[in-house]
Amino acid sequence: MGKRIVFTGGSGKAGRHVVPYLLDKGHKVLNVDRAVLDVPGVHTLLTDVTDSGQVYNALSCHFGYDGYEEPGGPKPVDAVVHFAAVPRILMHPDNKTFAENTVSTYNVIEAAAKLGIRKVIIASSETTYGVCFAEGDKDYHEFPLTEDYDTDPMDSYGLSKVVNEKTARAFALRYGIDVYALRIGNVISPEDYAAFPGYLADPPVRKRNAWSYIDARDLGQIVDLCVAKDGLGFQVFNAVNDTITATIPTREFLAKYAPNTPITGDLDGFEAPLSNRKIREVLGFKEEHDWRKYVKV
Ligand SMILES: NC(=O)c1ccc[n+]([C@@H]2O[C@H](COP(=O)([O-])OP(=O)(O)OC[C@H]3O[C@@H](n4cnc5c(N)ncnc54)[C@H](O)[C@@H]3O)[C@@H](O)[C@H]2O)c1
């Protein structure tokens with residue numbers, strides 16, 4: 001049955017694909033963002049999520065003007081999806097990136113928990129694995145990258161996402177609610193596949209993304225599966241597609257391009273170095289947008 005979902009950051013690169021996916025699945029969505037999302041059937045409440053008062057309001061208001069036609073005030077919210085953020089380094093000074101991302105995530109999870117909303121899904125990131133925004137050429141500790149990795153980013157953005165995972169765990173423990181943190185890989189919109197031939201021709205450029213990616217529409221499926229799956233408490237899930245962005249099998253590829261990194265787990269065939277086994281096994285994720293559908297190799 002369709003749920004009532006408050007989505008922060010729905011107007012952004014990922015959100016503008018994830019929100020329509022959720023609508024297609026029968027959910028009602030309120031977009032909470034500083035910019036308007038131009039998708040029929042979704043109202044945007046212009047909100048700054050770094051302001052706790054605005055967040056409490058946004059999580060307890062009508063989803064649109066039609067809400068005023070029904071008696072009884074705003075209906076309860078079933079889930080909050082929190083994507084609004086400064087999405088990388090060098091957009092703002094480091095301290096602002098760290099402060100906005102950590103404070104906004106605290107605000108959203110706290111307001112949800114205290115308003116009685118029992119499911120929160122937050123956008124964490126591949127950058128927690130420490131290589132994406134590292135100074136210089138850093139090696140991963142091991143492959144595959146799984147959710148129990150010792151995350152060690154050195155940049156303000158990756159650090160903010162590690163802190164956000166701790167915030168998620170604290171509120172899940174204190175309120176007994178579900179807070180799922182998605183370690184989202186490099187988000188690929190349909191038009192981004194045009195860049196793949198360049199990536200394939202120059203493998204070192206994708207080391208910072210662990211030669212993995214998430215199609216923005218498949219990210220929609222992952223969020224929908226998280227909305228459906230109750231009772232797991234605090235969880236971290238890697239959110240990536242199934243396979244490596246390379247034309248040779250993963251072990252052979254890594255032996256060539258990441259020779260100093262040990263392989264400590266299963267990596268079959270073309271499996272992505274940033275592992276998505278957990279979302280496949282726990283949530284039932286089945287990718288629909290393998291990059292090979294869109295790129296001639
Ligand atoms: N794009 C990627 O490759 C990638 C990878 C890993 C994780 N992520 C994470 O996924 C989420 C979505 O990323 P994206 O690429 O869509 O980013 P984006 O910048 O395209 O979208 C973010 C949206 O959040 C809104 N926003 C930012 N600060 C806000 C605030 N204080 N109050 C209200 N709205 C605010 C922006 O207006 C924008 O619409 C982010 O949390 C990002 O850190 C993205």
Side-chain angles (χ1 to χ4, degrees), residues 6-21 30-39 42 44-59 80-92 96-109 111 120-133 145 151 153 155-165 167-168 180-189 191-192 195 199 206 208-210 212-220 222-223 226 236-241 245 274 276:
V6 175
F7 198 111
T8 78
S11 310
K13 177 174 186 180
R16 75 177 73 109
H17 294 279
V18 174
V19 168
Y21 189 97
L30 172 66
N31 180 38
V32 169
D33 200 302
R34 287 197 289 221
V36 171
L37 171 65
D38 189 14
V39 167
V42 180
T44 297
L45 189 71
L46 293 173
T47 307
D48 182 348
V49 293
T50 63
D51 177 336
S52 175
Q54 292 189 39
V55 174
Y56 270 91
N57 260 275
L59 267 51
V80 178
V81 182
H82 174 47
F83 273 31
V86 177
R88 59 188 160 274
I89 50 166
L90 288 177
M91 283 179 71
H92 296 288
K96 181 173 161 106
T97 304
F98 181 79
E100 289 212 357
N101 286 355
T102 53
V103 167
S104 63
T105 301
Y106 181 91
N107 289 345
V108 169
I109 303 175
V120 185
I121 297 149
I122 65 167
S124 184
S125 165
E126 61 180 344
T127 57
T128 57
Y129 290 104
V131 171
C132 193
F133 294 140
L145 304 175
T151 51
D155 66 289
S156 67
Y157 171 84
L159 177 62
S160 77
K161 295 295 187 178
V162 171
V163 171
N164 290 345
E165 291 183 3
T167 304
Y180 304 162
L182 299 178
R183 285 190 190 148
I184 298 170
N186 185 218
V187 175
I188 301 296
S189 301
E191 62 276 12
D192 294 334
Y199 298 162
R206 296 297 285 177
R208 288 177 186 271
N209 309 99
S212 305
Y213 73 104
I214 179 68
D215 181 282
R217 298 155 294 184
D218 278 335
L219 182 57
I222 295 166
V223 171
C226 286
V236 173
F237 291 109
N238 287 341
V240 293
N241 280 77
T245 52
L274 179 44
N276 76 350

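In listed order, ligands and their atoms are each counted from 1.
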Report the nearest protein non-hydrogen atom to atom 16 (O) of ligand 1: residue, atom name, distance rounded to 0.1 Å. Ala14 N, 2.8 Å
Any non-hydrogen side-chain atom of Tyr106 less than 4.5 Å from a side-chain atom of Val163? no
In terms of residue, atom name and distance, what is the protein heavy atom nearest to atom 32 (N) of ligand 1? Val49 N, 3.0 Å
What is the closest protein heavy atom to atom 33 (C) of ligand 1, and at what distance does it sit? Thr47 O, 3.0 Å
Is the side chain of Gln54 donor-acceptor paired with the backbone N or O of Thr47 at a distance under 3.5 Å, no angle test? no
Look at atom 21 (O) of ligand 1 and say which protein heavy atom is nearest, naming residue and atom and giving the distance to 0.1 Å. Gly12 CA, 3.2 Å
Per-atom filter on ligand 1: closer than 4.0 angstrom to a heavy atom of Gly9 are 23 (C), 24 (O)
Which atoms of ligand 1 have any heavy atom of Ala84 under 4.0 Å away? 24 (O), 26 (N), 34 (N), 35 (C)
Taking atom 20 (O) of ligand 1 as the point of reference, which of Lys161, Arg183, Met91, Lys13 owns the nearest heavy atom? Lys13
If you take all heavy atoms of Ala35 and Thr44, which pair is closest and at what distance? O-CG2, 3.4 Å
Give a yes-or-no answer on whether the side chains of Asn186 and Glu126 include a donor-acceptor pair shorter than 3.5 Å. no
I need the nearest protein heavy-atom contact for atom 6 (C) of ligand 1: residue, atom name and distance, please. Ile184 O, 3.1 Å
Please write down residue, atom name and distance for the protein heavy atom closest to atom 40 (C) of ligand 1. Phe83 O, 3.1 Å
Within a distance under 4.0 Å of any heavy atom of Tyr157, pick out the atoms of ligand 1 and give their elements. 7 (C), 8 (N), 9 (C), 42 (C), 43 (O)
Between Asp33 and ligand 1, is there a nitrogen or oxygen pair with a distance under 3.5 Å? yes
Under 4.0 Å to a heavy atom of Val187 - the qualifying atoms of ligand 1, by number: 1 (N), 2 (C), 3 (O), 4 (C)
Just distances here: any N/O of Arg34 and N/O of ligand 1 closer than 3.5 Å? yes
With a 4.5 Å heavy-atom cut-off, do Lys161 and Tyr157 have their side chains touching? yes
Sequence-distant partners of Asp192, side-chain contact (heavy atoms from CB on, under 4.5 Å), two or more places apart: Lys13, Ile188, Ser189
Which residue and atom name correspond to the protein heavy atom nearest atom 31 (N) of ligand 1, and how close is it? Asp48 OD1, 3.0 Å
As an exercise, identify every atom of ligand 1 less than 4.0 angstrom from a heavy atom of Gly185. 3 (O), 5 (C), 6 (C)
Using a 4.0 Å cut-off to any heavy atom of Thr50, which atoms of ligand 1 qualify? 31 (N)
Taking all non-hydrogen atoms of both residues into account, name the closest pair between Phe83 and Ala123 and its distance. CD1-CB, 3.8 Å
Check whether any N or O atom of Ala35, backbone or side chain, sits under 3.5 Å from an N or O atom of ligand 1, and answer yes or no. no
Any heavy atom of Thr127 under 4.0 Å from ligand 1? The part involved is neither
Specify the protein heavy atom at minimum distance from atom 27 (C) of ligand 1: its residue, its atom name, and the distance to 0.1 Å. Ala85 O, 3.4 Å
Looking only at atom types and distance, does a side-chain atom of Asn101 sit under 3.5 Å from a main-chain N or O of Ser160, one as donor and one as acceptor? no
Assess, by modelled atom type and distance only, whether the side chains of Thr8 and His82 contain a donor and an acceptor separated by less than 3.5 Å. yes
Run the numbers for me: atoms of ligand 1, each under 4.0 Å from some heavy atom of Pro87, listed by number. 17 (O), 19 (O), 43 (O)
Which atom names give the shortest non-hydrogen contact between Asn31 and Leu37, and what distance separates them? ND2-CB, 3.3 Å
Against heavy atoms of Ser124, which atoms of ligand 1 measure under 4.0 Å? 7 (C)
Quick one: does NZ or CZ of Arg183 land under 6.0 Å from the six-membered ring centre of Tyr129, within 45 degrees of the ring axis? yes
Would you say the side chain of Ser124 lies within less than 4.5 Å of the side chain of Val236, judging by non-hydrogen atoms? no
Does the side chain of Tyr213 come under 3.5 Å of the side chain of Arg206 through a donor N or O and an acceptor N or O? no
